Undergrad: 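The following block contains the structure, expressed as structure tokens.
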Amino acid sequence: MEPSLPSCIALVDCNNFFVSCERVFNPKLLGVPTVVLSSNDGCIIARSEEAKKLGIPMGAAAFKYQKLLKEHNVHVYSSNFELYSDMSARVMNILADSAPSIEIYSIDEAFIDLTSIAPEERFAYAQALRARVTQWTGIPVSFGLAPTKTLAKVANDIAKAVSRGKPKPGIGLQSPGVCYLDTPSAIDAALKYLPVGDVWGIGYRYANKLKGYNIHTVAKLLTMPDEWIRKHMTINGLRTVWELRGTPCISLEEIKAPNQTIIKSRSFGIPVRTLPSLKEAVATYATIAAETLREQKQLCGGICVWLQTSWFVAEEHRYFNSETHIFPLPTAYTPTMIAAATSLVEQMYRSDFAYKKAGIMLVDLSPMDPAQLPLFIATDDVPKQTNAMHAVDAVNNKWGSHTVYFVASGVDQHWKSNRQLRSQRFTTQWDELLRV
DNA sequence: TCTGGGGTCCTAGGACCC
DNA sequence: TCTGGGGTCCTAGGACCC
């Protein structure tokens, strides 16, 4: 008899999440090919099953598939992150209410720890929870259950295959959208022919490198000695391998660690050539970054700004530059950050380029409370600044973001990203509610 | 042949994830 | 014409300290 496994982690993954969100509010999209584009309508970042069957790859440049999309009447949407974030919160709340403990891993994925549930009840538990999420939110989800996070990812892929009508006979317990790798032999069977590149933690570079050593499947990878893995794939690769062998090395993080950096960057809807427009853009990014910073109750010690042209122009028309400003006093005060960001843009700006993108990064973050104050710098203004930002945030939270804003961000913002194909923000804006 | 030993901090580059 | 945005971690090497 096989011994019972010590731990059980479930990976819950929303199927084709952004497309599924659109479908909740627009049922005519059900069963027809549908895709969602990235910011600035650049890439295809979510595809319905029907769209995948047309051969549209993940991350494809939208303009390259224009013709195919039209020919097959594919429904195309700009991304609507306000909607997706809200739908994500609904899914996560249901999971958090039901599960013993949860780590929200990304906008469409969560790990939950089912170790405390009796092994013989876990499969039915997952089926019931899956049905509840779909019934309450309209979002289809998949559950993969296994002793470690990395194996739960593998199980989740099988669960999705079952949903598509392609079960893998003899590998653990399976039903549409649920797979439980419940025994060592089920795990062995799941890994036997699995390509190494399909494993969580092994990207295409490592997959190529492994191919060079004639290692194509996970089963083969697991025969390699620890020292070899450590040498060629660092400690992270070794953790992945141990996880595949059934030993948990990546723990469930129930409490999200504070960000170490905050990045805001966007491509422009049109090529931007003038300094004032670039300054407006980085002032806008500094403003929204500062909002995120204050939301997280953090201060930043520095700001890094970059400007760039498109990568897809002749080399002599390419330009990238970045500069960092260190604040003498860590801050979350928007005007200070706008001043620093726009002054860095002035330093880097060259009039002979067409800029495609700019961005800012807040670095050296520290907690707002208790703040580490310097000895030799006057801090008299800090309480006033804190109160002012508190008031601005309160107004914008109550009456909608951008109710009060800094004129440095520009008024018409003609450089803004394209997103003409965005659906309504059905769940977060009163004037965009679904009409029946 | 052999050139002291033990540390910290920073940065660039490379890897990964969604 | 048109190619996303936002994150984390590890390692090697150099600068610098006593």
Side-chain angles (χ1 to χ4, degrees), chain A residues 11-14 16-18 35-46 56-67 69 76-81 84-85 88 103-111 149-150 153 156 196-210 229-240 243 249-250 253 256-271 285 288-289 292-293 296 302 304 306 308-314 317-318 322 324 326 354 356-365 416-422:
Chain A
L11 172 67
V12 187
D13 192 323
C14 301
N16 314 328
F17 181 54
F18 298 165
V35 298
V36 175
L37 306 178
S38 64
S39 164
N40 208 30
D41 295 343
C43 299
I44 295 165
I45 54 167
I56 301 169
M58 178 66 177
F63 78 94
K64 289 186 180 170
Y65 285 83
Q66 226 27 281
K67 195 162 159 250
L69 295 173
V76 180
Y77 288 88
S78 302
S79 47
N80 184 349
F81 271 92
Y84 309 151
S85 303
S88 170
E103 171 187 341
I104 297 171
Y105 178 67
S106 73
I107 194 165
D108 72 334
E109 279 175 81
F111 290 103
K149 282 182 164 181
T150 306
K153 282 268 193 183
N156 195 284
V196 284
D198 289 2
V199 171
W200 184 53
I202 302 181
Y204 78 94
R205 291 177 196 86
Y206 277 153
N208 277 340
K209 188 168 171 173
L210 290 170
I229 303 286
R230 176 79 165 77
K231 186 177 159 209
H232 290 91
M233 301 170 70
T234 83
I235 187 70
N236 287 330
L238 189 55
R239 283 199 189 106
T240 296
E243 284 248 321
C249 295
I250 305 171
E253 309 286 344
K256 191 184 178 294
N259 277 43
Q260 296 178 17
T261 58
I262 293 172
I263 296 174
K264 301 290 170 186
S265 86
R266 300 280 185 279
S267 298
F268 304 130
I270 50 163
Y285 307 156
I288 56 178
T292 304
L293 188 66
Q296 296 188 358
C304 170
W306 66 90
Q308 66 188 79
T309 58
S310 168
W311 290 110
F312 303 97
V313 295
H317 298 300
R318 268 179 239 165
S322 73
T324 301
I326 305 295
K356 189 60 189 150
K357 187 175 174 180
I360 70 144
M361 175 162 67
L362 307 184
V363 298
D364 198 12
L365 307 189
K416 265 197 151 178
S417 306
N418 297 318
R419 52 166 197 196
Q420 277 92 21
L421 307 169
R422 199 196 66 197

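Numbers restart at 1 for each chain; the letters A, B, ... are given by sequence-line order, proteins then strands. Since the structure is predicted, the reported quantities are computational estimates derived from the model, not experimental observations.
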Undergrad: With heavy atoms of chain A within less than 4.0 Å as the criterion, where does contact along DNA chain C begin and end?
TA: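 Nucleotide range with atoms under 4.0 Å of chain A: dC2(C) to dT11(C).
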Undergrad: Under the side-chain contact (heavy atoms from CB on, under 4.5 Å) test, which residues partner Phe312(A), sequence neighbours left out?
TA: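 If we apply the side-chain contact (heavy atoms from CB on, under 4.5 Å) test to Phe312(A), skipping adjacent residues, the hits are Ser310(A).
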Undergrad: When we call it a touch if two heavy atoms are under 4.0 Å apart, what does Ile262(A) touch: a base, just sugar-phosphate, or nothing?
TA: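 If one applies the 4.0 Å heavy-atom cut-off, Ile262(A) turns out to touch the sugar-phosphate alone, with no base involved.
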Undergrad: Please work out whether the ring planes of Trp200(A) and Phe111(A) are parallel, tilted or perpendicular, with thresholds of 30° and 60°.
TA: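 Plane angle between 30° and 60°, so tilted.
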Undergrad: My understanding is that only residues two or more places apart in sequence, or in another chain, count here; which of them pass side-chain contact (heavy atoms from CB on, under 4.5 Å) with Arg422(A)?
TA: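 side-chain contact (heavy atoms from CB on, under 4.5 Å) list for Arg422(A), sorted by chain: Ser78(A), Asn80(A), Arg419(A), Arg425(A), Glu432(A).
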Undergrad: Check whether the side chains of Asn236(A) and Arg239(A) place a donor and an acceptor atom closer than 3.5 Å, and report yes or no.
TA: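 Yes, Arg239(A) and Asn236(A) have a side-chain donor paired with an acceptor closer than 3.5 Å.
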Undergrad: Classify the nucleic acid contact of Asn418(A) as base, sugar-phosphate or nothing, counting any heavy atom under 4.0 Å across all strands shown.
TA: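 The residue Asn418(A) makes no contact with any strand.
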Undergrad: Give DNA chain B the dot-bracket treatment, 5' to 3': Watson-Crick (N1-N3 with N6-O4 or O6-N4) or G-U (N1-O2, O6-N3) under 3.5 Å, [ ] crossing, | other strand.
TA: ....||||||||||||||
Undergrad: dC17(B) and dG4(C): how far apart are their C1' atoms, nearest whole angstrom?
TA: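 Taking atom C1' in both dC17(B) and dG4(C), they lie 15 Å apart.
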Undergrad: Which residue, Thr234(A) or Arg266(A), contacts DNA chain C at a nucleotide closer to its 5' end, judged by nearest heavy atom?
TA: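 Counting from the 5' end, the first nearest nucleotide belongs to Arg266(A).
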Undergrad: Considering residues at least two apart in sequence or located in another chain, which fulfil the side-chain contact (heavy atoms from CB on, under 4.5 Å) criterion with Ala257(A)?
TA: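 None.
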Undergrad: If you look at every strand shown and take non-hydrogen atoms under 4.0 Å, does Lys356(A) touch a base, only sugar-phosphate, or nothing?
TA: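 Touches sugar-phosphate only.
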Undergrad: Any chance you could measure Leu210(A), atom CG, to Ile202(A), atom CD1, to the nearest 0.5 Å?
TA: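 CD1 of Ile202(A) is found 6.0 Å from CG of Leu210(A).
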Undergrad: Using 4.0 Å as the upper bound for N to carboxylate O, is an ion pair formed by Lys153(A) and Glu109(A)?
TA: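 Salt bridge: yes.
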Undergrad: Considering every strand and a 4.0 Å limit on heavy-atom distances, what is the contact class for Asn259(A): base, sugar-phosphate, or nothing?
TA: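 Sugar-phosphate, backbone atoms only, no base.
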Undergrad: Under 4.0 Å between any heavy atoms, over every strand shown, what does Gln66(A) touch: base, sugar-phosphate, or nothing? Just pick one.
TA: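 Since no nucleic acid heavy atom lies under 4.0 Å of Gln66(A), the category is nothing.
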Undergrad: Within the 4.0 Å heavy-atom criterion, would you say Val199(A) contacts the bases, only the backbone, or no part of the nucleic acid?
TA: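 Sugar-phosphate only.
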Undergrad: Looking across every strand, which nucleic acid part, if any, lies under 4.0 Å from Lys231(A) by heavy atom: base, sugar-phosphate, or nothing?
TA: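 The answer is nothing, as Lys231(A) stays clear of every strand by at least 4.0 Å.
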Undergrad: Trp311(A) near the nucleic acid: base, sugar-phosphate alone, or nothing, with a heavy-atom cut-off under 4.0 Å?
TA: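 The answer is nothing, as Trp311(A) stays clear of every strand by at least 4.0 Å.
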Undergrad: Using a heavy-atom cut-off of under 4.0 Å over every strand shown, decide if Leu37(A) touches base, sugar-phosphate, or nothing.
TA: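 Touches nothing.
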Undergrad: Thr261(A) near the nucleic acid: base, sugar-phosphate alone, or nothing, with a heavy-atom cut-off under 4.0 Å?
TA: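 The residue Thr261(A) makes sugar-phosphate contact but no base contact.
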Undergrad: Could you tell me whether Arg419(A) contacts a base, only the sugar-phosphate backbone, or nothing, with contacts defined as non-hydrogen atoms closer than 4.0 Å?
TA: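 Since no nucleic acid heavy atom lies under 4.0 Å of Arg419(A), the category is nothing.
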Undergrad: Could you note down all residue pairs passing salt bridge (Lys or Arg N to Asp or Glu O under 4.0 Å) where residues 262-271 of chain A supplies at least one of them, sequence neighbours left out?
TA: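 Non-adjacent pairs meeting salt bridge (Lys or Arg N to Asp or Glu O under 4.0 Å): zero.
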Undergrad: Quick one: does Asn156(A)'s side chain have a donor or acceptor within less than 3.5 Å of a partner on Leu11(A)'s backbone?
TA: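 At least one qualifying donor-acceptor pair exists.
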Undergrad: On DNA chain C, compare the nucleotides closest to Pro258(A) and Val313(A); which residue's is nearer the 5' end?
TA: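 The 5'-side residue here is Val313(A).
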